[in-house]
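Each chain gets a letter, A, B and so on, in the order its sequence line appears, and its residues count up from 1. Excluded from the calculations below are hydrogen atoms, water molecules and symmetry mates; all remaining heavy atoms, backbone and side chain alike, are included.
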Amino acid sequence: MLLRNGGPESPSLLNFEITGVDLYWERTLETPASDEFERKIISQQIKEIGRRGKFLNFFLSDYHFLLHLRMSGDVLIQPKSEPPGKHHRLSLYFNNGLKFSFIDPRKFGRAWLVTDPDTILGNLGPEPFSEEFTPNSLYTALKSHSRQIKPLLMDQTFIAGLGNIYTDETLFYAKIHPLTKSDQITEEQSNQLVESIRFVLAEGIKNNGASIDWVYRGGDFQNYFQIYGRKGQKCEVCGDVIERITVGQRSTFICPTCQPEPAIN
DNA sequence: ACGAGCGCCTGTCGGC
DNA sequence: TGCCGACAGGCGCTCG
């Protein structure tokens, strides 16, 4: 997310009033309809900004503005006078001369304006850094399904926040093959999963995320990938050659030695 | 319950 | 150079 220029002198939108809206791509706004959205959001102020899973949660005076960046979304604070770029999808104007813009080349990102954020966030699984997410709770949850571990970890109702890269990195550190059935995971592996998930996410956050092509700007986590995107290169742990397979229709990278295929599938 | 297939979109890259 | 397919950090839907 491009809220760069962090620091004390960073421009803030908190407690300024929204004075107008531009919606450049209708489908970006999931709910409500654009006229109702505009009527309701004008004169609102941002009181606080939070996050739940992959959703941004803007606490407004009377509503919640939720935003999911999906594949190619980004946000930007600009002067109101700046002309919209080719990929601007939604802008909110404030009474301090600034605008908040959602930019999204692939148009997959979505926004919601709701009274109760749980209507959107209510089905999300636990936060990986929360106290309720423990080796025990994970092990029990894994046992309650018989699913391929990779798609299960990417299921946002199972655990919130893991995407394709972080899941591959996690499974590599935990030495688990992505096709392993969740109910075949041992207690020890489950413990290792909790540790690996938290480690990989913390590394990603520390490095401001990854920038792996023209649209994902900002961080340099890609320089620390152990497995993702490294097909044909050597595993840093054992020296074997990294392979690319497909799991759940997603590009998946494994070390065939560190992550042996499950016996039963 | 689970997993595959597909749609939604635009842009980049590599091969010919 | 141009064309064409593969591919991209997500997710919701249908179908068997």
> Listed by chain and number, what are the side chain to side chain donor-acceptor pair (under 3.5 Å) partners of A:Gln45, not counting sequence neighbours?
Replying inline: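 Residues passing side chain to side chain donor-acceptor pair (under 3.5 Å) with A:Gln45: A:Lys47.
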Within this structure, what is the [atom1]-to-[atom2] distance between [X] and [N], rounded to whole angstrom?
X	N	atom1	atom2	answer
A:Arg250	C:dG12	CZ	P	13 Å
A:Asn164	C:dG10	CG	P	6 Å
A:Met154	C:dA8	CE	P	11 Å
A:Ile120	C:dG12	CD1	C1'	13 Å
A:Asp104	C:dA8	CG	C1'	13 Å
A:Arg106	C:dG12	CZ	P	16 Å
A:Arg110	C:dC13	CZ	P	12 Å
A:Lys231	C:dA8	NZ	C1'	15 Å

> Crowded around A:Lys80 NZ? As in, over 12 foreign heavy atoms under 6.0 Å?
Replying inline: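 Atom NZ in A:Lys80 is crowded, with more than 12 foreign heavy atoms closer than 6.0 Å.
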> Should the heavy atoms of other residues, nucleotides or ligands under 6.0 Å from CD of A:Glu82 be counted, would the total exceed 12?
Replying inline: yes
> How is the base pairing of DNA chain B summarised as a dot-bracket string, given the Watson-Crick and G-U wobble criteria with both distances under 3.5 Å, [ ] for crossing and | for another strand?
Replying inline: .|||||||.|||||||
> Roughly how far, to the nearest 0.5 Å, is CD of A:Gln226 from SG of A:Cys255?
Replying inline: 11.0 Å
>> By nearest heavy atom, map A:Gly209 and A:Gln249 onto DNA chain C; which one lands nearer the 5' end?
In response: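 Upstream on the strand: A:Gly209.
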> Considering only the P atoms, how many Å lie between B:dC6 and C:dG5, rounded to the nearest integer?
Replying inline: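 Per the computed distance, 16 Å lies between those P atoms.
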>> Using atom P in both nucleotides, what's the gap between C:dG2 and B:dC9 to the nearest angstrom?
In response: 28 Å
> Is a side-chain donor or acceptor of A:Gln189 paired with a backbone partner of A:Thr186 at a separation under 3.5 angstrom?
Replying inline: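 The answer is yes, because a donor-acceptor pair under 3.5 Å joins these two groups.
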> Under the side-chain hydrogen bond (donor to acceptor under 3.5 Å, both in side chains) criterion, do A:Tyr139 and A:Asn191 qualify, and how do the steps go?
Replying inline: CA-CA 8 Å; A:Tyr139 186 63; A:Asn191 296 346; over 6 Å; no
>> At 4.0 Å (heavy atoms only), tell me whether A:Arg27 reaches a base, stays on the sugar-phosphate, or touches nothing.
In response: sugar-phosphate
>> Please identify the 5'-most and 3'-most nucleotides of DNA chain B with any atom under 4.0 angstrom from a heavy atom of chain A.
In response: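 Endpoints of the contacted stretch of DNA chain B: B:dC2 to B:dT12.
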> Charged N to carboxylate O below 4.0 Å: is that the case for A:Glu188 and A:Lys175?
Replying inline: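 Answer for the salt bridge query: no.
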> Taking 4.0 angstrom as the limit, do A:Asp155 and A:Arg147 come out as a salt bridge?
Replying inline: yes
>> For the aromatic rings, using the six-membered ring if either is Trp, is the centroid distance between A:Phe59 and A:His64 under 6.0 Å?
In response: yes
> Between A:Val247 and A:Lys86, which has a closest nucleotide on DNA chain B that is more 5'?
Replying inline: A:Val247
